[in-house]
Amino acid sequence: MIRKKSASALKIIPLGGLHEIGKNTCVFEYDDEIILLDAGLAFPTDGMHGVNIVLPDVTYLHENRHKIKGMIVTHGHEDHIGGIPFHLKNVEIPVIYGPRLAMALLYHKLEEAGVQNRTELKTVRPRDVVRLGKYFSIEYIRNTHSMADSFTVAITTPVGVVIHTGDFKIDHTPVDGEKFDLQKLAEYGEKGVHCLISDSTNSEVPGFTPSEKSVYPNLDRVFSNAPGRVMVTTFASSVHRLQIVLELAKKHGRLVAVVGRSMLNVIAHARNLGYVKCEDSLFVPLHTVRSVPDEKLLILTTGSQGEPMSALTRISKGEHRQIKIRQGDTVVFSANPIPGNTIAVVNTIDKLMMLGANVIYGKDKGIHVSGHGCQEDQKLMLALTRPKFFIPFHGEHRMLVKHSQTAQGMGVPPENMVVIQNGDVVELTQDSIRLADKVSSGIELVDSSRSGMVEDNILKERQQLAEDGVVTVALAVGLDGKLIGRPQLHLRGVVSSVAKAQLEELVTKTLEKSLINYWPEYTKLNGHNNTQVDWSGLQNELECGIQRMLRREFQGQPLLVFLMQIPDAEGGAEVQKEITVKPVGRRRRRSTAKVAS
């Protein structure tokens, strides 16, 4: 039995997944125990230069790591499990429960990251019940989604039953035959669901989301009309879609070459677990595709979102070593762009067309359906569970608001629901729901090397470099307070109406004027009649003078790299360089690194 302590409230704290699409991470906390539900990632926007992965800020987990009893995973999409390997490097999660396919994909990720020994992975099946700590009992309820082996969870807590839908739609004819366990949902609804936390992604779309099987005849038609090679791109994790494509390949007598590491990985695990069924003879190695007649070949590839390093993007640029677009090729985009990726997808489509491919894309073609429920799916979920309290989850703000309106139409009082954002602390008692507090939230950026986090100041510098370029000023100052030689000026990526020679003259005059003004202020004679110089203070004044001058001359805000060489205390050779990097457009805390010469 779950221990009941009416004096305490259940805290529900989303760290990701709200006011956005991606990095779904949720904390459930009661007294001294925390369980996590999913830990996903998101992908960078165009302005995040050099960033490979976006993670939620999990400072709250670091601060409360001693409370963590385990994690429950709903399914294996990247935006639900992709962040786990990164978090395990800093936070111990004793055990992770999840579906077989999700755990197989996750174990591979943990191995790559070298953290497979930091936790224990345990698989679950439909209607399995697991316990975490003293206060939480979780039942896994089969649902239907764009990924196989997906679950809704019923979490029994001291304040009541909380149902988290996970990602879902209600598909009555799923490709794998694994139907949504609506009966179990109704049983919980009959007993009493205290709070429903529900997927809001398609809350603005009326009707039901079509079944995954609805794409079969439309893809079949495309295959029938394709005279040459067929290339299909979709989400690697869309296992049901992959099954449909492989069935059609067999029907039309085409051999399949798989391109893209994630696609190969998902297909291998899905076949091992029985979620994808096909013969080995259907596949051919990528290096043998030239020997297969065009009308007998299907290429299954990653890149449906225009990802810069994906196989299809490289193919569209003519940069792939083994696959080149030819006249007569048919390329099928069996996926819609997620928010933020539309421009990248359109650019890829344009490049493929320019190379001679016939590209099939767009919602009107019926070659993709969403994995998330629309308004009627959401109404059915509310009708079956009949929750006392309601929290719309997983979506941008307008989606959450629309979902809350749908819930009101289904009889949930407005005062019994909250529209929240990442970092909000929802306190749920037996009689109330309220916003109680706010914890640290935001994003952490992983460099494309995956070797470290990208701090805010570094990202801002990268953005400035990309937008306005960099100005480098190098000079040497003697113990007499005068310039040694002419300062050097270098411009990279900077647009200026002023000639470089004129800029060099302006830099020289600005530095000479600053030295005349500030040299007496930052120098003094010691007892041995030697000059002591506050080089750091002097450098700061010289930089500020250069910054003011550059702001007058440039419309943008190029990054300023300032290098100053100084003599040793005896007036001998130069012994060090002081390097300062600053944005020209505004003052900020100086970061100085000294490099021995």
If you measure from [atom1] on [X] to [atom2] on [Y], what distance do you get to the nearest 0.5 Å?
X	Y	atom1	atom2	result
L101	M103	CG	CE	9.5 Å
L428	L10	CG	CG	5.5 Å
I93	L88	CD1	CG	4.5 Å
L560	R551	CG	CZ	10.5 Å
S200	L18	OG	CG	8.0 Å
I170	L182	CD1	CG	5.5 Å

Closest heavy-atom contact between [X] and [Y]?
X	Y	answer
V115	P85	CG2-O, 3.9 Å
A42	I21	CB-O, 4.5 Å
M417	I433	N-CG2, 4.2 Å
S203	K402	O-CG, 3.1 Å
V73	A102	CG1-CB, 4.1 Å
R65	N90	NH2-O, 3.6 Å

[X] vs [Y] side-chain heavy atoms within contact, under 4.5 Å:
X	Y	value
D431	K388	yes
T157	F28	no
F151	I72	no
V419	P392	yes
L61	L15	yes
P174	F180	no
H394	N24	yes
Q421	L435	no

TODO: Check K67, K134, R131 against E33 for a salt bridge (Lys or Arg N to Asp or Glu O under 4.0 Å) and give me the one that passes.
DONE: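 The salt bridge (Lys or Arg N to Asp or Glu O under 4.0 Å) with E33 is passed solely by K134 among K67, K134, R131.
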
Task: Polar contact flag, side-chain donor to acceptor under 3.5 angstrom, S310-T313 - done: yes

Open item on the list: Under a 3.5 Å threshold, yes or no: a donor from one side chain and an acceptor from the other, between N422 and E20?
Closed with: yes

[X] side-chain N/O to [Y] backbone N/O, donor-acceptor pair under 3.5 Å:
X	Y	value
S137	T156	no
T123	R100	no
N64	Y60	yes
N272	A268	yes
Y135	D31	no
K169	S370	yes
T342	P337	no
T209	C374	yes
E307	Q305	yes
D38	T74	yes

TODO: Quick one: do N202 and H372 satisfy side chain to side chain donor-acceptor pair (under 3.5 Å)? Show the steps, please.
DONE: CA-CA 6 Å; N202 278 338; H372 300 271; over 6 Å; no

Quick check on [X]: does its [atom1] atom have over 12 non-hydrogen neighbours (other residues, nucleotides or ligands) under 6.0 Å away?
X	atom1	value
R125	CZ	no
K11	NZ	no
E190	CD	no

TODO: Report the C-alpha separation of I13 and V439 in whole Å, then their side-chain angles, then the decisive distance to 0.1 Å, and conclude whether the side chain to side chain contact (heavy atoms under 4.5 Å, CB included) test is met.
DONE: CA-CA 8 Å; I13 310 170; V439 304; 3.7 Å; yes

TODO: Would you check, one step at a time, whether the test side chain to side chain contact (heavy atoms under 4.5 Å, CB included) holds for I391 with V418?
DONE: CA-CA 6 Å; I391 304 174; V418 287; 4.0 Å; yes

Task: Aromatic ring proximity, centroids under 6.0 angstrom, H77 and F235 - done: no

Task: Evaluation steps, side chain to side chain contact (heavy atoms under 4.5 Å, CB included), between V130 and K122 - done: CA-CA 10 Å; V130 301; K122 293 188 176 183; over 6 Å; no

Open item on the list: Can you tell me which residue among H240, H145, E212 is in a side-chain contact (heavy atoms from CB on, under 4.5 Å) with D171?
Closed with: E212

Open item on the list: Under the side-chain contact (heavy atoms from CB on, under 4.5 Å) test against V401, which residue among M399, R398, Q405 passes?
Closed with: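 Exactly one candidate clears the test, Q405.
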
Open item on the list: Applying side chain to side chain contact (heavy atoms under 4.5 Å, CB included) to I163 and L185, what does each step give before you reach the verdict?
Closed with: CA-CA 9 Å; I163 288 185; L185 278 180; 4.1 Å; yes

Task: Summary of salt bridge (charged side-chain N to carboxylate O under 4.0 Å, His left out) pairs that have at least one residue in residues 143-162, sequence neighbours excluded - done: R142-D149

Open item on the list: Tell me whether the rings of F390 and H403 are parallel (<30°), tilted (30 to 60°) or perpendicular (>60°).
Closed with: perpendicular

Open item on the list: Any carboxylate oxygen within less than 4.0 angstrom of a Lys/Arg side-chain nitrogen, looking at D424 and K438?
Closed with: yes

TODO: Can you sort out the partners of H194 under ring-ring contact (aromatic ring centres under 6.0 Å, His included), two or more places apart, ordered by chain and number?
DONE: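 ring-ring contact (aromatic ring centres under 6.0 Å, His included) check on H194 returns F389.
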
TODO: For D57 and S440, run side chain to side chain donor-acceptor pair (under 3.5 Å): C-alpha distance rounded to whole Å, both residues' side-chain angles, the deciding distance at 0.1 Å, then the answer.
DONE: CA-CA 7 Å; D57 180 349; S440 177; 2.9 Å; yes

